[in-house]
Each structure stands twice: as C-alpha cells, then as structure tokens.
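Every chain is numbered from 1 and lettered A, B, ... according to where its sequence line falls, protein lines coming before strand lines. Just so you know, these numbers come straight off a predicted model, no measurement behind them.
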Amino acid sequence: MEVRVPHEWPSGAAAAEAIQDRLRPLLELDVPGPAAPRTVAGLDVSYADDGRLAAAVVVLDGTTLDVVEESVAAGTAAFPYVPGLFAFRELPALVDALRALKTVPDLLVCDGFGVAHPRRFGLACHLGVLTGLPCLGVGKTAFVGAYAPPGPRRGDTSPLVDGGEVVGRVLRTQDGVKPVFVSVGHRTDLDTACRNVLDLCPRYRLPETTRRADRLSRDALTA
DNA sequence: GCGACAG
DNA sequence: ATCTTGTCGC
C-alpha cells in the first residue's frame, strides 16, 4: 500500500517535537470509525541485543480473525527512546513493512498510544496521518492521564483523563485481567475504537492483531 | 525543583 | 523493548 513519506528526519528532540506539532492539525478526530472493518492490521516491533529491530504487520480478517497477509521489515533503531517521542524509533521500519503490503487495511492497531500523549500525537496518530487510514492505539501500561480502575468484567471501562480532557479509555478485555489503554489515533472515535479492540480480544488480554505481530516480529529477529 | 515516563 | 523458571489455574 501507499504510505506518505515521513518527513525530513529530526536531528534531535526539539525537531521531533516540532514535527509532531506540525502534523497534529492533520488529524481527523471525532469522525465515525469503521464499526465492522473487513481487515484489521496489527503492528509491532521487536529489538535485538545490538540495535537491530524487526517491524511486523499482520493483516487479519475483521470477522474471522484469520491471517490475510503478513509483512516484516528489518531495520535499526532510528531514534533514542524518549517518552513522548517513541514513534520516531519505530516509524521507518513500520512504514517499510506497511509499504510492502498488498492489502489496504480498514483499520490499523498500534502498540502504544494515539492522542493519549503529552502533545496529543502518539504513534497511532503519526501512523494514521502517514497512511490516511483509521488508526487506534492500545497501550499495556499507563503513560499520561489519570483514571479509576474499571470494573472487573470484560468490557468494563473507565475514562482516561489528562489536562481536563478525556484522551482515552481504560478497557478490561477479559474478566479479571489487567486492563489495556485505548486511545484514538486518526479517523475514528473512542466508542468504535474500544468496540474494535474488544472484538479483537476474544480470548486474551491483548488484541489478536498485536499478539500476531509481536510473534512475527520476534521470529523475524531470530531467523 | 524532583521524579515519573508508551516500547 | 529485553534480561528469565517454575508454577498456579482452566
């Protein structure tokens, strides 16, 4: 599929933040997301001991969750890990993997956050703008925002609030497991995003998209 | 000012 | 992210 060229690569933190600020106005938020996506792509990156990394994209049938297509791209950490600038670390390799895709997914599911970010422009926002596709983020641990623990049952949620605004939702994807943090990235709304994530979690805490991409990227690193 | 901080 | 065994539970 086609992916917009990222931009001139930032030389440092200040330049990276400037890029986020420049792209943020391009976000399309509060628009209805895909309630029943035909295909959903999961993205993840694994790291080796030496700085090598492997980015993986796995496209699943939105209904059966069967694998439709897979793509892997090898690369190198493109930026140091800085909370808030995490996207710049994995973006180049993820874009490579996406470009190799024959399928154009109806929805992208990222490891990390969307607008639940200090400058409201996390990885899911960045990938959304670059691809023009509906995109959401699923985080495993809290980053920004305050929240109350959601109820103990699958589907229970509580709002994630930062700076006086709701930036995401804490979602329990299975009875009694630790909740995940869902936030909108691009071209979708929070209700649809949470519905999508729940649909992608028929059995485990993390979405099948994420689990599949994680496994693929890890295997690619070994092989 | 200090600490905390997605993966 | 990654370093890491057994163990409890369905």
A/R38 atom CZ: more than 12 heavy-atom contacts under 6.0 Å: no

Hydrophobic cluster membership, A/L221 vs A/V57, 4.5 Å side-chain cutoff: no

Joint cluster assignment, A/L26 & A/L133, ILVMFWY side-chain distance < 4.5 Å: yes

Set of residues satisfying side chain to side chain contact (heavy atoms under 4.5 Å, CB included) with respect to A/R119, sequence neighbours excluded: A/E17, A/Q20, A/D21, A/R24, A/L85, A/H117

Lys/Arg cation over aromatic A/Y204: A/R211, 6.0 Å, 45° cone: yes

A/L108 with A/V104, same ILVMFWY side-chain cluster at under 4.5 Å: yes

Rounded distance (Å) that lies between atom P of C/dT4 and atom CZ of A/R218: 14 Å

Summary of protein contacts for nucleotides 1-7 of chain B, nucleotide by nucleotide, where a base hit scores B, a sugar-phosphate-only hit scores S (4.0 Å, heavy atoms): ----SBB

Sub-4.5 Å side-chain heavy-atom contact between A/E69 and A/K102: yes

Range-with-range stems of DNA chain C (Watson-Crick or G-U pairs under 3.5 Å, three or more in a row): none

Rounded distance (nearest 0.5 Å) linking atom CG of A/L101 with atom CD of A/E70: 10.5 Å

Rounded distance in Å - CG (A/D49) to C1' (C/dT4): 15 Å

Linked, directly or transitively: A/V31 and A/V40 (ILVMFWY side chains, under 4.5 Å): no

Verdict with reasoning, A/R215 to A/D219, per salt bridge (Lys or Arg N to Asp or Glu O under 4.0 Å): CA-CA 6 Å; A/R215 216 168 46 123; A/D219 291 348; 5.4 Å; no

Test item: A/R153 and A/Q174 side chains (from C-beta on) under 4.5 Å apart, heavy atoms: no

Report all interatomic pairs (protein N or O, nucleotide N or O of nucleotides 7-10 of chain C) with separations under 3.5 Å.
none

Pair A/F79 and A/F86, ring centroids less than 6.0 Å apart: no

Check against salt bridge (Lys or Arg N to Asp or Glu O under 4.0 Å), A/R218 and A/D214: CA-CA 6 Å; A/R218 194 165 314 202; A/D214 177 77; 3.0 Å; yes

A/V72 reachable from A/V67 in the ILVMFWY side-chain graph, under 4.5 Å edges: yes

Close approaches to DNA chain B from residues 178-207 of chain A, in residue order (heavy atom, under 4.0 Å): none

Value in whole Å for how far the C1' atom of C/dT2 lies from CG of A/L53: 13 Å

Parallel, tilted or perpendicular: rings of A/H126 and A/F121 (30°, 60°): tilted

Watson-Crick or G-U stems of DNA chain B, 3 or more pairs, under 3.5 Å, by first number: none

